[in-house]
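Read the structure below first, then the notes.
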Amino acid sequence: MSAPTDVKYANIINGERVGSDATAPVYNPATGQVIADVPVASPEDLDRAVEAARAAFPAWSARPIAERQAIVSAIGDRLEEHAEEFMALLTSEQGKPRAMAEWEVYGSIAWFREIAKQELPEEVLEDTPERKVMSRHTPLGVVGAIVPWNFPILLAVWKIAPALVSGCTIIVKPSPFTPLCDLRLTEIVQDLVPAGVFSALSGDDELGKWMTSHPGIAKIAFTGSTETGRHVMASAAHTLKRVTLELGGNDPAIVLPDVDPKKVAPQIFWAAFQNNAQFCNAAKRVYIHDDVYDAVRDELVEYAKTVVVGDGANADTQLGPIQNKPQLEKVTEYFDDCKANGYTFALGGEIDNEAEGWFVPVTLVDNPPEKSRLVAEEPFGPILPLLKWNDEADVIARANDTVWGLGATVWGDDLEAVERIGRQIEAGTVWLNEVHQYSPHQVFGGHKQSGIGAENSLHGLAEYTNHQTVCLNRVEGTVA
Ligand code: NAD
């Protein structure tokens, strides 16, 4: 089944489809063509969604957790029934090819089902004839979920599933660049949840600001750039909202001298270029030991030449376009900066401005300076710096010399050395001889300015709850 072309996308408020006076176009980044129009929510729309979510909260949070878990699992089943439609829609609004769309849609289904098995147990800390002390988790209330454009479904699900299991109600705001899948997902599951429990509002960045300052919202679950994360936190501070912030990264990959260049090159390639490098956890700086630098670089170049870039709707495409025009302009700046400074391109470097759609070529930059923009910043596009190292302490220091700390990878045959280096990297997830392995039961979050708090695992679930201590004095005659 392909994406339906006749769907009219609507906000979902209190279980109902709601349009808006203002609309915005959504583009297919592979063609630059408009594929749909979506509502642009107003402050009044947000007020109504918050009111409905607050009204639904007491009954939803009072339901036995087993019922909420069953509903969350059923949402996963519903998504699976529509999997083909969602994969096609994801490719057309986000640009990612089929294999990545499959990874994201089936990953989202698995997340609903696995998070639905999670529960935060109530602990009994003291239990004597005189006294009982209990520690429990209570849901926070209404959650505002703010989602980016690189994984529009999965990163929404990372918020929707734990919010609903914990007993919170939720309003999802997709990125204005990729609202279709999230609006559609919210719509197709409304018969599974009571009205107001799970709403979605499409809008621009202003809607995000209204959400972070809204007094009726208890928590913001945010994934996006570090810069926006700072605004979210500042705005949420006025109402002391809880925040979970999953932000940007500048993940180092460290390649040891004992690798087989031919074997490691494809793995480094996909560590960096998966999802066309529009990946928070993409390897964004590759430190290759001097002894194998030339060989690994050359193998990377050879492998990269075999990778098919194009419209994700074509069966042989492996890498799609840049997702949106502003991002294309941002990525172009890094190409220009490399050229202006005379850095050497091992591959790529020339953007075809006449191309239909928003494409840039896979580009490898040969040993640019450590302080170059390309190394020090997060381009979030398929241009990758390759760097040399020869001293272990020095490469660790360089890997850690950044405000970010989201992820890292280390590659080598000497597992002791690989683990020794990996353990010294300041990052939320360190992958050793693998990358991009996530699990609903594996905690995920950033160190330093890559984020605050965590998603997934019971630690992530707990972020949708308050701690509550209940103390019961049982001594007879105390009060009567
Ligand atoms: P972005 O920060 O521009 O936008 C993210 C969301 O925030 C969008 O829905 C946007 O409309 C909204 N927004 C914008 N301004 C806002 C404001 N002032 N207040 C509230 N909401 C606002 O990010 P993006 O360009 O969509 O995504 C790319 C970034 O996300 C990269 O930096 C990437 O590393 C990061 N990211 C992080 C993770 C993670 O889990 N750590 C995952 C994916 C992406």
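Values in this document were obtained by computation on a predicted structure and should not be read as measured data. Start at 1 and go down the list; that is how both ligands and their atoms are numbered.
- Of all heavy-atom pairs between Val40 and Asp45, the closest is O-OD2, 4.4 Å.
- Considering backbone and side-chain N/O atoms, His231 never comes within less than 3.5 Å of an N/O atom of ligand 1.
- When ring centroids are compared, Phe380 and Trp149 come within the 6.0 Å threshold.
- An N or O contact shorter than 3.5 Å links Glu378 to ligand 1 by distance.
- Within the structure, ligand 1 lacks Gly451 among the residues with a heavy atom less than 4.0 angstrom away.
- Atom 4 (O) of ligand 1 is never approached by the protein to below 4.0 angstrom, counting heavy atoms only.
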Exercise for the section: Show the numbers, then the answer: is there a side chain to side chain donor-acceptor pair (under 3.5 Å) between Gln449 and Thr226? Expected result: CA-CA 7 Å; Gln449 294 187 33; Thr226 295; 5.9 Å; no
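- Contacts between Ser235 and ligand 1 below 4.0 angstrom, taking non-hydrogen atoms only, are absent altogether.
- Atom 16 (C) of ligand 1 has as its closest protein heavy atom Thr228 CG2, 3.3 Å.
- Ranking the protein heavy atoms by distance from atom 27 (O) of ligand 1 puts Pro148 CB, 3.4 Å first.
- Proximity of Phe222 to ligand 1, defined as any heavy-atom pair under 4.0 Å, is confined to the side chain (atoms from C-beta onward).
- Any N or O atom pair closer than 3.5 Å counts here, and Thr212 shares no such pair with ligand 1.
- For Ser225, a nitrogen or oxygen atom sits less than 3.5 Å from a nitrogen or oxygen atom of ligand 1, counting backbone and side chain alike.
- In this structure Arg54 satisfies the salt bridge (charged side-chain N to carboxylate O under 4.0 Å, His left out) test with no other residue, sequence neighbours excluded.
- Panel note: side chain Lys241, backbone His214; a donor-acceptor pair is recorded below 3.5 Å.
- When only interatomic distances are considered, the shortest N/O to N/O separation between Asp205 and ligand 1 falls below 3.5 Å.
- Looking only at protein heavy atoms, the nearest one to atom 43 (C) of ligand 1 is Asn150 ND2, 3.2 Å.
- A salt bridge does not link Lys173 with Asp182: every distance from a Lys NZ or Arg NE/NH1/NH2 to an Asp or Glu carboxylate oxygen is 4.0 Å or more.
- Checked against a 3.5 angstrom limit, the closest N/O atoms of Lys173 and ligand 1 fall inside it.
- Note: an N/O pair closer than 3.5 Å links Val147 and ligand 1 by distance alone.
- Within the 4.0 Å heavy-atom criterion, the part of Ile146 lying near ligand 1 is the side chain and not the backbone.
- Counting protein heavy atoms only, atom 36 (N) of ligand 1 is closest to Cys280 CB, 3.6 Å.
- Here ring pair (Phe, Tyr, Trp, His ring centres under 6.0 Å) pairs that include residues 83-109, with residues two or more places apart or in two chains, are Trp103-Phe151.
- Salt bridge present: Glu378 and Lys284 bring a charged side-chain N and a carboxylate O closer than 4.0 Å.
- Of the protein's heavy atoms, Gly224 O, 3.1 Å lies nearest to atom 35 (C) of ligand 1.
- Judged by the shortest distance from any of its heavy atoms, Phe444 lies inside the 4.0 Å radius around the atoms of ligand 1.
- For Gly446, the closest heavy-atom approach to ligand 1 does not fall below 4.0 Å.
- For the pair Leu247 and ligand 1, the shortest N or O to N or O distance falls below 3.5 Å.
- Using a 3.5 Å distance cut-off with no hydrogens or angles, the side chains of Gln267 and Tyr303 do not pair a donor with an acceptor.
- Between Tyr438 and Phe444, the angle of the ring planes goes over 60°, which puts this pair in the perpendicular group of the 30/60° scheme.
- Contact annotation: for Phe177 versus ligand 1, there are no heavy atoms closer than 4.0 Å.
- Looking from atom 26 (O) of ligand 1 to the surrounding protein, the closest heavy atom is Trp149 CD1, 3.0 Å.
- Interface of Leu155 with ligand 1, defined as ligand atoms under 4.0 Å from a residue heavy atom, comprises 42 (C), 43 (C).
- At a heavy-atom cutoff of 4.0 Å, ligand 1 is contacted by the side chain of Phe380 but not by its backbone.
- Using a 4.0 Å cut-off between charged nitrogen and carboxylate oxygen, Arg48 and Glu51 do not count as a salt-bridge pair.
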